[in-house]
Structures are given as structure tokens and as C-alpha cells.
Amino acid sequence: MTTIPVDIAGRPYEVRIGSGLLADVANACGALLRKPLVPIVTDAHVHAAWGAVVEASLAAAGKQVLWRILPPGEATKSWEHLAATVDWLLAHEVERGDHILALGGGVIGDLTGFAAAIVKRGCHFIQLPTTLLAQVDSSVGGKTAINTPAGKNLVGAFHQPALVLADLDALATLPARELAAGYAEVVKYGLIDDAAFFAWCETNGAAVLAGDAEARAYAVATSVAAKARIVAQDEFETTGARALLNLGHTFGHALEAETGFSARLLHGEGVALGMVLAARFSARRGLMPAAEAERIAAHIASVGLPADVRTLGLSVSGERLAAHMLHDKKVDAGRLAFLLMRGIGQTFLTKDVTLAEVSAFLADELGG
Ligand code: NAD
Ligand code: GLY
């Protein structure tokens, strides 16, 4: 097992990465579970795959699980499910000193974390991430949120978990498409500031996706270490360091919005294509060699992720696609904030990009 500290001032916590953590969840949580009843929020897919394993560990420790099993999917990150989950926690008299368990992917982690942030003005919670995306990104760093009709993740709180247990065994039941989508976030850490890790991904990405235990452990631990370092520097995304984690997200969100935040394009797939677009846009601006942008595209495509916007079959203009970017959370006093690259591992934030420039670029990428 690898343990990575997240050194948030005043609220440090550990991310433990390894095999068998869900089967041993009672011991792993130890004294954090101070009562005989343990509230766990999950979704129906994860409950079917891992509910019995988690329950057996807790039962052996004399604990009884209070399950809240939500529908799988992005639509669960809603006011409706948040309110019902908060009411459920209050009905079970959860106290501030208790720990609520979030067993699932980013949807469950984000919703449960937000519920924990607001119940009694803040209870503890433990992340048990079961998707690759949640293990390498969403379970670490304390961003919690729901979606509203105005957009994704527009209502939420920064609320750090007390502990994260990333069980690599959970990835065995994850659908291959979800696994690949999560892998996009792994590649992201290489592109941000670690060219050697990107090169490692080029060599080992296929093994990560095929289930090689050593490669998976290395990919998750390296990603979590990168995220922990960035979050410890800039917990509330005020200095610009944490904003780097949004590489590919501005283009990606525009594509997700255009495809209705549906199964047509998963979040990680949008990030994958978004990173390729950010690289090509950087090359077009003369910031990085075009060959380097195409090297990124080649790796993304080699693992079956989208690397060409034309494959999405959108009938949309570059202008309309770019207009989605005006709703980006990074827009500051009306100015777009973009993450561009000077090379692999050299991502930076800039505000000197105009909507007209992005529209023209996207029009070309869409085929004129
Ligand atoms: P998800 O939670 O919807 O899970 C994807 C699918 O996999 C679901 O159908 C789920 O039921 C299923 N699943 C999960 N684990 C499984 C397992 N082990 N076996 C079988 N099926 C399993 O999606 P996700 O990709 O994990 O998370 C996406 C969400 O994360 C988005 O809402 C995004 O906004 C959010 N996110 C948050 C942050 C953050 O910092 N808080 C970062 C990135 C993404
Ligand atoms: N996933 C982006 C962040 O945590 O800041």
C-alpha cells in the first residue's frame, strides 16, 4: 500500500492506495467510525459490485451499515438528491463528529461531500473512490458540488475528506469506457508539469487499461501525489496553481455542453479531447511545436479516447462551440482564462485569448 499525505493547513489527511482496502474498510477507517451505525452513500452499480464486501468488513467489526443507494449517473448531482440525502442524514441523527462514507465515483463523492459540508454546518466524510477518475482526481482536494439548470458544478463547497481509501481492486468491475475516461485525468498530470510521467504513460498506458496491477498502482499514486502537491499549495484555487488541474476542461466542457452532458461524451473523454485541442491551439499560437501537440493526440487516440473533434459528429459552428466557454467558472470580469502549453509538461494559465480566436480555431478543427 502507498500512503500519500495531503498537507492542507490545519486539516491534513491521507490518501491510501492499494489492494483490499474495501474488504478491510472497517480496520482502515479504525477509530474514525465511532458508532455502531455507519452511514454510506453509494449508487446502485457500485452497491451491486461492492456493497456486500464493504458490509462484510463492517459487520465483522460489529458495525451495521445504513445504506443510501442513489441512481447512477450525472443527474444524481442535483438539488433533489442533495436535499433528500441531507434529510436522510439528519433523520439518522448524524453528528458533526461522525464520518459519512462516500462509496463510488465522482458523482457520489461530489454529492456526499457537499451534503457533509452543509449538514450541521459540516460533518466529516471519508472518500472510498471506485472509479479511476475519482481515485486520481475527484476524491482528493475537497471540491464538492452539484449541478443546476445553469450548469455543472455551479453550487458546492470546498470541504476536505478526513481520509481517502483508493482500492485498486474496485477498478476490476469498472466498465472499460469509464476506465479509459478516468485515464485521461492520469495523462493530464504528465501534461501539466511532468514530461517524464507523460512519457511513462506513452509506454505503460495500455497496461494500465488492461489491468496490470503494478502499472495501475504507479499511475494512481503518481497522479494522487501530483494532485496532493497542487492542492496543498492552493486549496481554494486563488493563486493559479490549482487552476492548472483544469487543463483540457474549457474545451472539454464546451463539448460536454454541446452533447448535453450525456453518455455521448463522458467527462474524461471531453477532457481527453480538450487537452488535444489545448495543445493544437497552443501550437497554432506558436507556443509549442505542432509535432509535440500531435504526440499528445497520438497517445490519447492510442488508448481509444477521442482525439479529433470531427469524430463526435457535431453539427455546430466554431462560434457556437466557443460561446459555451463564456459560462466557464474561470471567466474573470468577462475575460476567458485558458490553460495552454509551451510543451509537454509546461502548462500555464493565460487570459489573453479572445473568443474570436478560439471560434476560428474550432471552426478549422470542425472542418471549416
Ligand atoms: P460516476 O461517478 O458517474 O461513475 C461512472 C459510472 O461507473 C457510474 O455508472 C457508476 O455507477 C459506475 N461505477 C463506479 N464505480 C464502479 C465500479 N467500481 N464498478 C462498476 N461500476 C462502477 O463518474 P466519475 O467519472 O467517477 O465522476 C464524474 C464526476 O466527477 C462528474 O460529476 C465530475 O464533475 C466530477 N469531478 C469532480 C472533481 C472534483 O475535484 N471534485 C474532479 C473531476 C471530476
Ligand atoms: N479537478 C480539479 C480540482 O480539483 O481542482
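Just so it is clear, the model here is predicted, and its values are computed rather than measured.
Proximity of V107 to D43: side-chain heavy atoms (C-beta onward) are nowhere separated by under 4.5 Å. The shortest distance between side-chain heavy atoms of R16 and L163 falls below 4.5 Å. The shortest side-chain heavy-atom distance between L70 and I108 falls under the 4.5 Å cut-off. Taking 4.5 Å as the limit, every side-chain heavy atom of L339 sits out of range of all side-chain heavy atoms of T250. Between Y183 and I300, the closest side-chain pair of non-hydrogen atoms is not below 4.5 Å. Residues L33 and K63 form a side-chain contact, since some pair of their non-hydrogen atoms from C-beta on lies under 4.5 Å apart. A 4.5 Å side-chain heavy-atom check between E237 and N246 finds at least one atom pair inside the cut-off. For the pair D194/W200, no side-chain contact is recorded, criterion being any heavy-atom separation below 4.5 Å from C-beta on.
A distance of 12.0 Å separates CD in E319 from CG in L366, rounded to the nearest 0.5 Å. Rounding to the nearest 0.5 Å gives a distance of 5.5 Å between CE of M288 and CD1 of I344. Annotation: the span from R285 atom CZ to R342 atom CZ amounts to 11.0 Å, rounded to 0.5 Å. To the nearest 0.5 Å, atom NE2 of residue H299 and atom OG1 of residue T203 are 9.0 Å apart. Between N153 atom CG and I146 atom CD1 the span is 9.5 Å, to the nearest 0.5 Å. Taking CD1 of I17 as the start and CE of M1 as the end, the distance is 9.5 Å to the nearest 0.5 Å.
Contact detail for V53 and A23: the closest heavy-atom pair is CG1-CA, 3.6 Å. For the pair V6 and A228, the tightest heavy-atom approach, listed with the atom from each and the gap, is CG2-CB, 4.0 Å. Of all the heavy atoms in G105 and T130, the pair that sits closest is N-OG1, 3.5 Å. The two residues I296 and A279 have their closest heavy-atom pair at CD1-CB, 3.8 Å. Residues L362 and A322 approach most closely at CD1-N, 3.9 Å, considering heavy atoms. Contact between V136 and G182 at its shortest, heavy atoms only, is CG2-O, 4.2 Å.
The backbone N or O of A219 lies less than 3.5 Å from no partner atom in the side chain of T222, so there is not a single donor-acceptor pair. Under the 3.5 Å distance criterion, the side-chain polar atoms of D169 are matched with a main-chain donor or acceptor of G20. R96 places no side-chain N or O within donor-acceptor distance of the main-chain N or O of C123, the cut-off being under 3.5 Å. Panel note: side chain K227, backbone V140; a donor-acceptor pair is recorded below 3.5 Å. For the pair E74 (side chain) and S262 (backbone), a donor-acceptor distance under 3.5 Å is absent. S78 places a side-chain N or O within donor-acceptor distance of the main-chain N or O of H81, the cut-off being under 3.5 Å. Checked by atom type and distance alone, the side chain of N147 never pairs as donor or acceptor with a backbone atom of G151 at under 3.5 Å. Panel note: side chain Q135, backbone A166; no donor-acceptor pair is recorded below 3.5 Å. Panel note: side chain T347, backbone L244; no donor-acceptor pair is recorded below 3.5 Å. In this structure a side-chain-to-backbone donor-acceptor pair under 3.5 Å is present from T42 to L103.
Follow the hydrophobic side-chain contacts under 4.5 Å out from V41 and you never reach V25; the two are in separate clusters. In the hydrophobic clustering of ILVMFWY residues, with side-chain heavy atoms under 4.5 Å counting as a link, I230 and F348 come out apart. The hydrophobic cluster containing L37 does not contain W67, counting ILVMFWY residues as joined when their side-chain heavy atoms lie under 4.5 angstrom apart, directly or transitively. L273 and M325 fall within a single hydrophobic cluster, where Ile, Leu, Val, Met, Phe, Trp and Tyr are joined by side-chain heavy atoms under 4.5 Å apart, directly or via other members. Under the 4.5 Å side-chain heavy-atom criterion for ILVMFWY residues, no single connected hydrophobic cluster contains both V271 and L314.
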Stepwise, does the side chain to side chain contact (heavy atoms under 4.5 Å, CB included) test hold for L101 with Q127? CA-CA 6 Å; L101 273 53; Q127 290 270 21; over 6 Å; no

Steps toward ring-ring contact (aromatic ring centres under 6.0 Å, His included) verdict (H249, H267): CA-CA 9 Å; H249 286 58; H267 173 73; 5.3 Å; yes

Could you go through W88 and L66, starting from their C-alpha distance and side-chain angles, then the distance that decides it, and tell me whether this counts as side chain to side chain contact (heavy atoms under 4.5 Å, CB included)? CA-CA 10 Å; W88 176 81; L66 290 168; 3.9 Å; yes

side-chain hydrogen bond (donor to acceptor under 3.5 Å, both in side chains) assessment of S57 paired with D24: CA-CA 6 Å; S57 166; D24 195 34; 5.0 Å; no

Hey, mind stepping through T85 and T112 against side chain to side chain contact (heavy atoms under 4.5 Å, CB included) and telling me if it holds? CA-CA 8 Å; T85 301; T112 310; 5.8 Å; no

What do the steps show when you test D7 against R229 for salt bridge (charged side-chain N to carboxylate O under 4.0 Å, His left out), and what is the final call? CA-CA 8 Å; D7 289 321; R229 177 175 40 79; over 6 Å; no

Assess the residue pair S138 and T131 against the criterion (side chain to side chain contact (heavy atoms under 4.5 Å, CB included)); give the C-alpha distance rounded to whole Å, side-chain angles, the decisive distance to 0.1 Å, and a yes or no. CA-CA 10 Å; S138 64; T131 63; 5.7 Å; no

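Residues D352 and R335 are not paired through a salt bridge, judged by the lack of any N-O separation under 4.0 Å between the basic side chain and the carboxylate. At a threshold of 4.0 Å, the pair R320-E258 counts as salt-bridged, since one of the basic side-chain nitrogens sits closer than that to a carboxylate oxygen. In summary, D110 and K143 do not engage in a salt bridge, as defined by a charged side-chain N under 4.0 Å from a carboxylate O. E292 and R295 are not joined by a salt bridge, as no carboxylate oxygen comes within less than 4.0 angstrom of a charged side-chain nitrogen. Ionic pairing of R242 and E235 is not present here: no N-O contact between side-chain nitrogen and carboxylate oxygen is shorter than 4.0 angstrom. At a threshold of 4.0 Å, the pair E95-K120 does not count as salt-bridged, since none of the basic side-chain nitrogens sits closer than that to a carboxylate oxygen.
Defined by atom type and a distance below 3.5 Å, a donor-acceptor pair is missing between the side-chain atoms of D193 and Q346. For T173 and W50, the side-chain atoms include at least one donor-acceptor pair closer than 3.5 Å.
Surrounding CD of Q64 are at most 12 heavy atoms belonging to other residues, nucleotides or ligands under 6.0 Å away.
In this structure, F251 and F361 have perpendicular ring planes: the angle between them is above 60°, well past the 30° mark. Between H159 and F125, the two ring planes are parallel [angle under 30°; tilted spans 30° to 60°].
Here Y189 and F198 keep their ring centres 6.0 angstrom or further from each other.
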